[in-house]
2 protein chains.
Amino acid sequence: MTGITNVVSKRERDCLVLLKEQSSDDFPLRLHEIASTMKIKPPTALNIIRRLKSKGYVETQDGMIKLSDSGDRISSTILMVHRTFESLFCQSGVSESKACREASEIDFLINSDNAMKVLKRIDSPSLCPHGKPIKV
Amino acid sequence: MTGITNVVSKRERDCLVLLKEQSSDDFPLRLHEIASTMKIKPPTALNIIRRLKSKGYVETQDGMIKLSDSGDRISSTILMVHRTFESLFCQSGVSESKACREASEIDFLINSDNAMKVLKRIDSPSLCPHGKPIKV
DNA sequence: AATAATGTTAGTATAATGCTAATGCATGAC
DNA sequence: GTCATGCATTAGCATTATACTAACATTATT
């Protein structure tokens with residue numbers, strides 16, 4: 001089996017993407033920031049973080065939460081798939097915001113190898129509709 | 001809000017598609033047939049059927065299970081989305097069986113309006129890779 | 001030191017998914 | 001006509017994901 005498929009749930013995916021897009025080694029996120037961004041209460045967020053930790057995707061030090069190497073890798077993959085399908089939807093005439101929402105529902109379910117093939121099929125744009133690089 | 005989005009779970013989707021593809025008024029399915037096709041035990045299947053019934057997608061008479069009108073409609077929509085993405089994956093170089101599996105993971109999550117736009121974008125094939133009509 | 005912010009535990013709830021064991025019902029074999 | 005077989009259904013249980021509140025603990029800030 002090649003490619004990456006379906007190892008995280010929807011909310012785990014949301015959390016990974018949040019960490020990938022809005023944190024860095026210099027600016028790791030705090031639990032309450034994750035909770036408020038995800039519009040959930042801290043105990044709920046803690047639960048998700050705990051699951052991600054047990055999968056090895058997240059590390060915490062002094063309440064600071066950041067992606068592990070493998071978390072960074074899987075987040076990049078999810079974002080690549082996300083931007084590929086976001087681009088597809090936009091090329092098809094779907095609005096940017098709807099394209100983004102739709103892509104978020106499926107990006108963590110789709111095998112990365114298959115997504116890369118789709119990317120070629122839709123003329124390999126290098127940037128997603130928001131202007132971010134598809135392949136990182 | 002237009003189009004149809006996310007009103008069924010994965011297994012409800014599987015069951016709807018099974019009923020749509022392998023039953024008719026003349027040949028409705030029995031519970032144990034659904035269970036064995038879905039590789040689950042009858043009580044588990046009964047649970048899914050019960051949920052579909054409560055959503056108005058399925059009717060039963062004398063142990064015979066068939067789609068209601070609205071169940072038929074939503075199943076058709078799911079299949080349209082399925083075949084659209086299956087076609088996309090195949091056009092991209094994914095094998096027929098992998099394309100089908102991948103499409104099954106997402107077809108019930110994608111808004112039908114968006115799928116129809118994607119269908120146009122991929123040159124509006126009238127048949128899916130298995131030779132079945134995409135638009136019913 | 002007191003208050004505020006933050007993190008964590010404990011307990012609860014729901015939905016989806018799955019199972020086994022037991023019961024109920026109908027039908028065909030004998 | 002009874003009995004076995006097949007099928008449907010109920011009851012009970014378990015797991016995972018998701019989410020909440022209330023309470024407690026810890027850490028900062030003033």
Side-chain angles (χ1 to χ4, degrees), chain A residues 5-19 22-23 27-67 71 74-75 78 101 104-110, chain B residues 5-19 22-23 27-67 71 74-75 78 101 104-110:
Chain A
T5 323
N6 194 18
V7 275
V8 291
S9 71
K10 178 62 165 57
R11 290 310 248 162
E12 285 163 12
R13 172 261 175 221
D14 291 341
C15 193
L16 286 174
V17 168
L18 173 61
L19 284 164
Q22 283 175 37
S23 77
F27 295 100
L29 291 180
R30 316 226 47 165
L31 185 68
H32 74 273
E33 296 175 297
I34 292 174
S36 75
T37 307
M38 290 181 73
K39 297 185 208 302
I40 55 182
K41 303 296 168 191
T44 305
L46 187 63
N47 226 291
I48 293 165
I49 294 296
R50 210 178 271 144
R51 291 203 307 268
L52 288 173
K53 239 165 130 179
S54 83
K55 292 177 183 180
Y57 295 144
V58 144
E59 289 160 2
T60 53
Q61 339 166 307
D62 316 312
M64 297 309 216
I65 297 156
K66 54 173 212 155
L67 293 173
I74 193 174
S75 301
I78 290 172
R101 235 179 300 147
S104 301
E105 295 296 320
I106 61 175
D107 52 18
F108 64 107
L109 296 171
I110 291 175
Chain B
T5 324
N6 193 19
V7 274
V8 292
S9 70
K10 177 61 163 59
R11 291 310 248 161
E12 284 163 13
R13 172 260 175 222
D14 290 342
C15 192
L16 285 174
V17 167
L18 173 62
L19 283 163
Q22 284 176 36
S23 77
F27 294 101
L29 292 181
R30 317 228 43 167
L31 186 68
H32 74 273
E33 295 175 296
I34 292 174
S36 76
T37 308
M38 290 181 72
K39 299 186 205 302
I40 54 182
K41 302 296 168 191
T44 305
L46 188 62
N47 227 290
I48 293 166
I49 294 296
R50 209 178 273 143
R51 291 202 307 266
L52 288 173
K53 241 165 130 178
S54 82
K55 293 178 183 180
Y57 295 144
V58 144
E59 289 159 2
T60 52
Q61 338 165 307
D62 315 313
M64 298 309 215
I65 296 157
K66 55 173 209 155
L67 293 173
I74 194 172
S75 301
I78 290 171
R101 236 179 299 145
S104 301
E105 296 295 322
I106 62 174
D107 53 17
F108 65 107
L109 295 172
I110 292 177

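Order of the sequence lines fixes the chain letters, A, B, ..., with proteins taken first and strands second; residue numbering starts at 1 for each chain.
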Report, one line per pair, each donor and acceptor closer than 3.5 Å where one atom sits in a side chain of residues 30-37 of chain A; sequence neighbours left out.
{"unit_1": "A:Glu33", "atom_1": "OE1", "unit_2": "A:Arg30", "atom_2": "N", "d": "2.7"}
{"unit_1": "A:Ser36", "atom_1": "OG", "unit_2": "A:His32", "atom_2": "O", "d": "3.4"}
{"unit_1": "A:Ser36", "atom_1": "OG", "unit_2": "A:Glu33", "atom_2": "O", "d": "3.3"}
{"unit_1": "A:Thr37", "atom_1": "OG1", "unit_2": "A:Glu33", "atom_2": "O", "d": "2.7"}

Please write out the pairs of protein N or O atoms and N or O atoms of nucleotides 25-30 of chain D separated by less than 3.5 Å, giving the distance to one decimal.
none

Return the CD1 to CD distance between B:Ile106 and A:Glu105, rounded to the nearest 0.5 Å.
11.5 Å
Could you grab the distance from atom CG of A:Asp14 to atom CZ of A:Phe108, nearest 0.5 Å is fine?
7.5 Å
Give me the residues of residues 29-37 of chain A where at least one heavy atom lies under 4.0 Å from an atom of DNA chain C, by number, or none.
A:Arg30, A:Leu31, A:His32
Working to the nearest 0.5 Å, report the span between CG of A:Leu18 and CZ of A:Arg11.
10.0 Å
Test of understanding: with side-chain hydrogen bond (donor to acceptor under 3.5 Å, both in side chains), list the residues that count as partners of B:Thr44, not counting sequence neighbours.
none
To the nearest 0.5 angstrom, please state how far the CD atom of B:Gln22 sits from the CG atom of B:Leu29.
7.0 Å
Measure from CG on B:Asp62 to C1' on C:dA26 and round the result to the nearest Å.
12 Å
What's the separation between atom CZ in A:Arg13 and atom CD1 in A:Ile74, rounded to the nearest 0.5 Å?
11.5 Å
Do any side-chain atoms of residues 55-67 of chain A form donor-acceptor pairs under 3.5 angstrom with protein atoms, and if so which ones, sequence neighbours left out?
{"unit_1": "A:Lys55", "atom_1": "NZ", "unit_2": "A:Val7", "atom_2": "O", "d": "3.2"}
{"unit_1": "A:Lys55", "atom_1": "NZ", "unit_2": "A:Glu12", "atom_2": "OE1", "d": "2.6"}
{"unit_1": "A:Lys55", "atom_1": "NZ", "unit_2": "A:Glu12", "atom_2": "OE2", "d": "3.4"}
{"unit_1": "A:Thr60", "atom_1": "OG1", "unit_2": "A:Lys53", "atom_2": "NZ", "d": "2.9"}
{"unit_1": "A:Lys66", "atom_1": "NZ", "unit_2": "A:Asp25", "atom_2": "OD1", "d": "3.2"}

Residues from residues 38-50 of chain B lying under 4.0 Å of DNA chain C - heavy atoms:
B:Ile40, B:Lys41, B:Pro43, B:Thr44, B:Asn47
So do B:Cys15 and B:Leu52 actually touch side chain to side chain, heavy atoms under 4.5 Å?
yes
